[in-house]
Amino acid sequence: MTALKNDRFLRALLKQPVDVTPVWMMRQAGRYLPEYRATRAKAGDFMSLCMNPELACEVTLQPLDRYPQLDAAILFSDILTIPDAMGQGLFFEAGEGPRFKKVVNNQADIDALPIPDAEKDLGYVMDAVRTIRRELNGRVPLIGFSGSPWTLATYMVEGGSSRDFRKSKAMLYDNPQAMHALLDKLAQSVTAYLNGQIMAGAQAVQIFDSWGGALSAAAYQEFSLAYMKKIVDGLIREHDGRRVPVILFTKGGGLWLESMADTGAEALGLDWTCDIGSARARVGSKVALQGNMDPSVLYANPAAIRAEVGRILAAYGNGTGHVFNLGHGITPEVDPAHAGAFFEAVHELSAQYHA
């Protein structure tokens, strides 16, 4: 494989010295970019875009071409590719988001779910990873990703998005044995999926636990974190002669950082409700931290964006182990110029903390 020209993202995740704080952005390939909207229109719909390796590569590279400050690329895909490969029949309804033709209601439904083969059942994702790595040609590292077992389970049990997770939580409390069986199957599937991405060329991986924060403290430990730890334990951690860092991101997980840091992951993602200085004092000796600007700051003017970047950098303080990011994904209405101001500010203002 081609040598990396810019590896500061990987170095920061491993708490090695860097010249400036590396930065990337969740959903950096997305609807806020006119070039993305044009490519998606060419593809026809979202899933057709995900399932076309060349077009998935095109939109993955678009933000890097626009913003030279970006220190990582992230695979363009969707967290729900695994349930779709398990036969749930993913589709998207305008105004309603992702839906499934099949819903998991009971143990029999869970028993019928296969564990997908990464190359055979999700080959379009692996082909996208290989295509992106080739086209990146060492510019920056490539991040692979998956949803967490709990997050994927909520979509499969609810049949789509949910505000209250009524069916998922009912299964969790009424029939914990069934929920554990579903989560175990999903943990096996995610492990195989991420290992497939690593073998195809992903140089770091992130587990998105979007809905872990909806659980009680006890339920989070048992039904979300335990399965993410199982995945971390099963991942390929060395490939192409380098460590493959793992990032855990639980939205709303600020209360549980110590437990998350004990999983063996190299880094924890923080949402914007968590003070990064306090988080560093709690777990920074054990893991790197990624985050954590409120995505809504990008609606403000560039001077205000710069001020908030400066505040977060100062809160983290001197030294490595910080990857700058938003506390969740960028929203479609953001002015692309404001995203550019964000990236520029991170590099310009962070150098002093690495002198």
Sequence-distant partners of [X], salt bridge (Lys or Arg N to Asp or Glu O under 4.0 Å), two or more places apart:
X	result
Asp111	none
Glu258	Arg282
Arg130	Glu119, Asp127
Glu344	none

Can you list every ring pair (Phe, Tyr, Trp, His ring centres under 6.0 Å) pair that touches [range], not counting sequence neighbours?
range	result
residues 235-262	Tyr220-Trp256
residues 258-279	none
residues 72-115	Tyr36-Phe76, Phe46-Phe76, Phe46-Phe92
residues 304-341	Tyr316-His322, His322-Phe324, Phe324-Phe342

With rounding to the nearest 0.5 angstrom, report the [atom1] to [atom2] distance, [X] to [Y].
X	Y	atom1	atom2	result
Asn325	Gln28	CG	CD	8.0 Å
Thr151	Tyr227	OG1	OH	14.5 Å
Arg8	Leu13	CZ	CG	13.0 Å
Lys167	Met156	NZ	CE	14.0 Å
Met86	Ile115	CE	CD1	6.5 Å
Leu49	Glu58	CG	CD	8.5 Å

Pairing residues for Ser216 by the side-chain hydrogen bond (donor to acceptor under 3.5 Å, both in side chains) criterion, not counting sequence neighbours: none
Within the 4.5 Å heavy-atom criterion, are Arg242 and Asp240 side-chain neighbours or not? no
When you compare the side chain of Val244 with that of Arg237, does any pair of heavy atoms fall below 4.5 Å? no
Can you tell whether the side chains of Lys286 and Asp262 come within less than 4.0 Å, N to carboxylate O? yes
Name the orientation class of the two ring planes belonging to Trp211 and Phe165 (parallel below 30°, tilted from 30 to 60°, perpendicular beyond 60°). tilted
For Ala43 and Leu55, work out which heavy atoms get closest and say how close. CB-CD1, 3.8 Å
Partner residues of Tyr67 under the ring-ring contact (aromatic ring centres under 6.0 Å, His included) criterion, sequence neighbours left out: Phe343
Would you please say whether a donor-acceptor pair under 3.5 Å links the side chains of Thr320 and His354? no
Apply side chain to side chain contact (heavy atoms under 4.5 Å, CB included) to Glu333 and list each qualifying residue two or more places apart in sequence or on a separate chain. Tyr299, Thr331
What residues form a side chain to side chain contact (heavy atoms under 4.5 Å, CB included) with Gln16, not counting sequence neighbours? Arg11, Leu14
